[in-house]
Amino acid sequence: MSRSWVSPGVAYLARGLLSVVVPVASSVIIVARLTSLKGIRVSPWLISAVVLGAAPLGFAAYVLVDERSQQRKANRLGARLVPRVQGKWPGNLDKVVNMVLRSENEYLGMVSVSCIPCLCFTESSFCVGRPLEDEIKVLGPTINFRFFWEDLILTTEPQHIKTILATDFDNYVKGAKFREAADSVLGTGVFNSDGEIWKLHRTMTRPFFTHDRISHFEIFDRHADHAIVLAKERFRAGLTVDFQDLISRFTLDSASEFLFGHYNAAAAFSYAFSQAQQSINRRLSIGQTWPLNEILADSTELHMKVVDAFLDPILKDALEKNSTAVEFDKNEFSDDQTLVDHLVNLTSDFKIIKDETLNILLAGRDTTASTLTSAIYLLAMHPEFLTRLREEIISKVGLTRRPTYDDIKEMKYLRAILNETLRLFPAVPFDVRENIQDTTWTSPEHGKKPLFIPQGTMLSYSVFLMHRRIDLWGPDALEFDPDRWLDERVKKYLIPNPFIFLPFNAGPRICLGQQFAYNEMSFMIIRLLQNFFTITLSPEPAMRPPAWWAEKDGRQAIERFRPRNHLTLYAMASLISSLRIRGEQACRE
Ligand code: HEM
Ligand SMILES: *[C@@H]1O[C@H](CO)[C@@H](O)[C@H](O)[C@H]1NC(C)=O
């Protein structure tokens, strides 16, 4: 695969330079011409200085005009502007600085939300982390940060998220920001494209996720076994296990085998793919100017060479085999086919096959690792639920038998544990879209005008915050209580309002791997609890929450790890993300 020969930084600077040089130079030429026509000679340097000096004025004028035009359009639609954060410094710079400084130590989701009240009530200028439900009560669930005069809307409102994902799907795209940051790793695939290209990828990939193909558990079994053997060795030697790390290897190995049929000798590949992903995360966290951080070289390039070296021969091999195979019905796939086998039947385009495979590997690997890590953490925090879950497992499959798809389907308590984990720690806590056209959203408060959303706005939606809203989930919303999925609370909260629970998104772009994920996670938890009967957390000092968290409200006060977010939620640690546990082995039957 040929990769670009200029670094992202150089390309970015060149574009930036052009966008300054071209207007300045043309203004200077025009002014110089006009003045020389009148017989006056003015130094081109002086003209350039005046033109550049006028730029901030021009920008201010632009902001003002934009502001007026937004208000006019909103009025015309009978709508109002989304409530705005009101910082003290121009462009809400104080709020940006505050967010950056505090995000290092704050609880996930607290910074953005907890700083908003002090913005609206400027008299109380210090940002205290108030409980989320209070904040939402004060501000409404949909707000505009408007950092540097650019609209950035965050919503935790189910009806607005429903509009974005389902009812008005065609008006929302993932947008260029994510695509550019991920392009050197993912190219275009189902996870990383919009519009017609996305549709094509989705149509091509969806048939692969059939019930039959995702309910064969040999793959999970082999890799779960391997992980458990490794964990036992360490426990026997009196050591702890970095569960997040162990489980990421398990989900990568399982996904690789499922997608392209190879998993051994993949250590270098695994490391390189993780590193490339870290680069994407870094880019997204820096924002638009990330290329400036990569002046000398593309930070993904070396890692992608390793990925290519591993994957290219596998894909070439599959393509060759397919071209020599006797012609058969291309719509018939057998259950033991990998994704690559499936794709080579549909296209002989090497890049499409490769991008698609990597897209799904990215979508499917960290999400399941994240959820399993959170589940084990929550079970360690709540031994009473662990005991009950173990009872269900033992009565259904015993201490040794390999669970089947039907076993898992009948294990209501296990499913409740997984749902409750996905509610409090959804693997994709924040997500973004951009709207193509001006639109309005119904007012979250009764009797008020709808909200105006100007075209091209960065829209961020948080299922993490929505899943913890007390007005949507009841007074115990912040508690880990799997029974809420089994008792009258389901009828009271979820059934009348299904969009309050969206760990897998909804609508045409709903997660393709949802069932695969439930199967994989259920399988692993069963295998773990067949082998271990207690789980103890032993966090390293570096990953423990700061002591002052204990004085806060809600989950911040009780959490024993620091939840963080890049594309997916993870447990923060100093160097590698880790969540150390010690398991006690179960007696055999
Ligand atoms: C607990 C596990 C998982 C969670 C919470 C999860 C969540 C999500 C979410 C929220 C999205 C939407 C992202 C967006 O549109 O911005 C998504 C998309 C996707 N997921 Fe998952 N996922 C999980 C596991 C998996 C697995 C195991 C696979 C595949 C083996 C997978 C494949 C995909 C694909 C291909 C998409 C893109 C669909 C599209 O854009 O049309 N996911 N997932
Ligand atoms: C878990 O959530 C899913 C929706 O993602 C729902 O269909 C299922 O019924 C829930 N299961 C339990 C036991 O609550």
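Each ligand, and each atom within it, is numbered from 1 in the order the structure gives.
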For A427, take its heavy atoms, then give the atoms of ligand 1 lying under 4.0 Å from any of them. 5 (C)

Those atoms of ligand 1 less than 4.0 Å from some heavy atom in M521: 1 (C)

What do we get for E520 next to ligand 1 when only non-hydrogen atoms under 4.0 Å count, side chain, backbone, both or neither? neither

Is D194 paired with R509 through a side-chain N to carboxylate O contact shorter than 4.0 Å? yes

Atoms in ligand 1 flagged as close to P503, the criterion being non-hydrogen separation under 4.0 Å: 5 (C), 7 (C), 10 (C)

Starting from atom 10 (C) of ligand 2, which protein heavy atom do you reach first, and at what distance in Å? N419 ND2, 2.4 Å

Atom 5 (O) of ligand 2 touched by protein (heavy atom, under 4.0 Å): yes

Enumerated ligand 1 atoms positioned under 4.0 Å from heavy atoms of D431: 13 (C), 14 (C), 16 (O)

Where ligand 1 meets R202 - atom numbers and elements under 4.0 angstrom, heavy-atom basis: 38 (C), 39 (C), 41 (O)

F516, W198, F191: member with heavy atom nearest to atom 36 (C) of ligand 1: F191

Distance under 6.0 Å and angle within 45° of the ring axis: does K174 meet both against F191? yes

Closest approach of G189 to S193 (non-hydrogen atoms, all atoms of both residues): O-OG, 2.7 Å

For W485, atoms of ligand 2 separated by under 4.0 Å from a heavy atom: 14 (O)

Does D221 pair with R527 as a salt bridge, N-O distance under 4.0 Å? yes

Backbone, side chain, both or neither: what part of Y413 comes under 4.0 angstrom of ligand 2, heavy atoms only? neither

Using a strict cut-off of 4.0 Å, indicate which atoms of ligand 1 neighbour a heavy atom of K174. 14 (C), 15 (O), 16 (O)

Please identify which atoms of ligand 2 are closer than 4.0 Å to at least one heavy atom of R415. 11 (N), 12 (C), 13 (C)

With heavy-atom distances below 4.0 Å as the criterion, list the atoms of ligand 2 near Q514. 5 (O)

Shortest protein contact, atom 23 (C) of ligand 1 (heavy atom only): T367 OG1, 3.4 Å

So, for F258 and F516, is the gap between ring centers shorter than 6.0 Å? yes

Parallel, tilted or perpendicular: rings of Y172 and W441 (30°, 60°): tilted

Residue among R401, R415, K412 satisfying salt bridge (Lys or Arg N to Asp or Glu O under 4.0 Å) with D407: R401

For R388, is there an ion pair with E391 - N to carboxylate O distance below 4.0 angstrom? no

Which residue and atom name correspond to the protein heavy atom nearest atom 18 (C) of ligand 1, and how close is it? C511 CA, 3.7 Å

Numbered atoms and elements of ligand 1 in range of R433, under 4.0 angstrom, heavy atoms: 14 (C), 15 (O), 16 (O)

Residue F501 vicinity, atoms of ligand 2 by number, heavy atom under 4.0 Å: 2 (O), 5 (O)

Establish, yes or no, whether the cationic atom of R555 lies under 6.0 Å from the six-membered ring centre of F561 and within 45° of the ring axis. no

Near T371 (heavy-atom distance under 4.0 Å), the atoms of ligand 1 are 1 (C)

